[in-house]
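The figures here come from the full heavy-atom set of this structure, side chains too, leaving out hydrogens, waters and symmetry mates.
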Amino acid sequence: MGMYPKKIVQYAKEHMGEVMHTTLNPEGPGVVRIHLIPPRISEEDIEASVAIINGQDVIPVNVSWAILLHEFIREVNRYDGREITEQDSKRILNNTCKGVRKVFPLLPKKRIREDLYTIMNTFKQVAYGEVPDEPITYMSLGEYAPYMRAPHRMDLLVSAMTREGKWHCNQKCVHCYAAGQELVSEKELSTEEWKQIIDKCRACCIPQITFTGGEPTMREDLFELIRYASWFVTRLNTNGIKLTKEYCANLKKASLDSCQITFYSHDADVHNQLVGAVQYENTLQGIKNALEAGLNISINTPLCKLNRDYVSTLQFLHELGVCYVTCSGIITTGNALEKASEQLQLTSEEMKEVLKEAVDYCFANGMEISFTSPGWIEETFFDELGITKPTCGACLSNMAITPGGHVVPCQSHLSEEPLGNMLTDSWEDIWNGETCKKHREYSAEMTGKCPLRREASHA
């Protein structure tokens, strides 16, 4: 006999074969999305079940709590789409207790209720960024990697860079990593084909989806696709140009969880130069509209020599009411391999100077900031700053699917042979392929630089 009694192993085999998901307080503020990732199950053992909170925090869950969560989520989801009354809540709790006691018949109802309260309160505190009352252990993706069946996020490049041989983006960014890449110039999949891929992502136990491109708002069916993916934690990466008040209201209605808008600079001339189009006012208005609509937004700024006065941009964003920002170095692929981009690349020392000022400003003004480019700066620097060190997540925390359905290690990794096709190949073959495993092993070390990183020749 293995680690767990036969009855528990049998329950896991019969009931815990797919991701369970529920959303608490869906209308916000304070949305808590819980994805319970099923464990690997052998004939006599159960391994590594985890809960992922709002698509980012990975928390190991023991078998008894996993069973309790499974029963609770199943009962809550019976009321999907309508308000839960006090009588409904009592019914949910009673039915959860009944389900748990089929596996643990001697467990008192009082203990089950107490455990459920502890779990849900802990998850809420994690989602809100609070220190949990209960001691919990977070699991790094590197530790969890051997047990994973899929990444925790799939980026869907729903919009191609070209359509019918013509440029198909409302900007021409100097540093665009997708420009000139054959895999992002494929013929775009249809709405129904993307829905098939979304279904397959769910079957593969992937809890989070990002709609990106190209520029995803170029697709007329984007709202439909976001609504179709409402089971997932959903994110949109956009340049913000199309974010009118009506567009933002439709994103809210489609249950989009978060929106990342790329904004290069508070200086209109600098922003327009870097995006290759006169779009500053449209992007700025898009940010304002998204904030007014109550969308959960973050602002991303790829840093270079032209916008190294990043603190002034942060001050500008702070005055608008932006709380969450990310910044990065230049992803050296696509257009960023061209001389025009290379000449603007910051050195590591220059990047450190910019980051130090930016972090000091954000901490002093209640803003959250993260740097997302691994390998630019030594890890000890991030410890000194008090921010999370960036790591490569290719084929581990995230992967991507091109406009034509091909699977690649990440949304920037577009120059290699794809790992497979999501519509025609089995997920197991893609995930367990030698190239995918090689990328995953590199990412699981949680150190090292982005494999695409190239130093500028002048640096």
Note to self: Checking E338 now: which residues fulfil side-chain hydrogen bond (donor to acceptor under 3.5 Å, both in side chains) with it, not counting sequence neighbours?
What the structure shows: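 Here no residue qualifies.
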Margin query: Can you list everything that forms a side-chain hydrogen bond (donor to acceptor under 3.5 Å, both in side chains) with T234? Sequence neighbours excluded, please.
Written below: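 Only D257 meet the side-chain hydrogen bond (donor to acceptor under 3.5 Å, both in side chains) criterion with T234.
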Checklist line | Steps toward side chain to side chain contact (heavy atoms under 4.5 Å, CB included) verdict (L36, T22) | finding: CA-CA 9 Å; L36 180 64; T22 196; over 6 Å; no
[X]/[Y] ion pair, N-O < 4.0 Å:
{"X": "K356", "Y": "E384", "value": "no"}
{"X": "D115", "Y": "R111", "value": "yes"}
{"X": "E378", "Y": "K352", "value": "yes"}
{"X": "R308", "Y": "E353", "value": "yes"}
{"X": "R78", "Y": "E75", "value": "yes"}
{"X": "D155", "Y": "R153", "value": "yes"}

Margin query: Looking at W427, I'd like to know if the NZ or CZ of K200 sits under 6.0 Å from its six-membered ring centre while staying within 45 degrees of the ring's axis.
Written below: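 The answer is no; the distance or angle limit is not met.
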Check: Quick one: does NZ or CZ of K253 land under 6.0 Å from the six-membered ring centre of F223, within 45 degrees of the ring axis?
Finding: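 No, K253 does not sit over the ring of F223.
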Margin query: So if I apply the side-chain hydrogen bond (donor to acceptor under 3.5 Å, both in side chains) rule between T402 and each of Q181, Q411, E186, E188, which one comes out positive?
Written below: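 It is E186; the other options fail the test.
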Notebook entry, point to check: Going through the checks in order, is the side-chain hydrogen bond (donor to acceptor under 3.5 Å, both in side chains) test met by S341 and H175?
Noted result: CA-CA 6 Å; S341 175; H175 305 306; 2.7 Å; yes
Checklist line | Aromatic ring proximity, centroids under 6.0 angstrom, H439 and H413 | finding: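 Yes - the distance between ring centres of H413 and H439 falls below the 6.0 Å cut-off.
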Notebook entry, point to check: Is the W231 to H35 ring centre distance short of 6.0 Å?
Noted result: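 Ring centres of H35 and W231 closer than 6.0 Å.
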Note to self: Checking Q125 against D133 for the side-chain hydrogen bond (donor to acceptor under 3.5 Å, both in side chains) test, could you report, in this order, the C-alpha distance in whole Å, the side-chain angles of both residues, the deciding distance, and whether it holds?
What the structure shows: CA-CA 8 Å; Q125 290 173 323; D133 296 334; 3.1 Å; yes
Notebook entry, point to check: With sequence neighbours left out, which residue pairs that include part of residues 312-330 fulfil the side-chain hydrogen bond (donor to acceptor under 3.5 Å, both in side chains) condition?
Noted result: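 Listed by first then second residue: H266-T313, N300-T326, D309-S312.
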Checklist line | Trace of the salt bridge (charged side-chain N to carboxylate O under 4.0 Å, His left out) decision for R202 with D199 | finding: CA-CA 5 Å; R202 178 170 178 174; D199 288 340; over 6 Å; no
How long is the span from the [atom1] atom in [X] to the [atom2] atom in [Y], to the nearest 0.5 Å?
{"X": "F316", "Y": "I299", "atom1": "CZ", "atom2": "CD1", "answer": "10.0 Å"}
{"X": "I297", "Y": "T238", "atom1": "CD1", "atom2": "OG1", "answer": "11.0 Å"}
{"X": "L236", "Y": "T212", "atom1": "CG", "atom2": "OG1", "answer": "8.0 Å"}

Margin query: Do Q273 and Y264 have side chains that approach each other closer than 4.5 Å (heavy atoms only, starting at C-beta)?
Written below: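 No. Closest side-chain heavy atoms not under 4.5 Å.
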Next item on the list: Could you tell me whether a side-chain N or O of T162 sits under 3.5 Å from a main-chain N or O of K166, the two making a donor and an acceptor?
Entry: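 Looks like no, no N/O pair under 3.5 Å.
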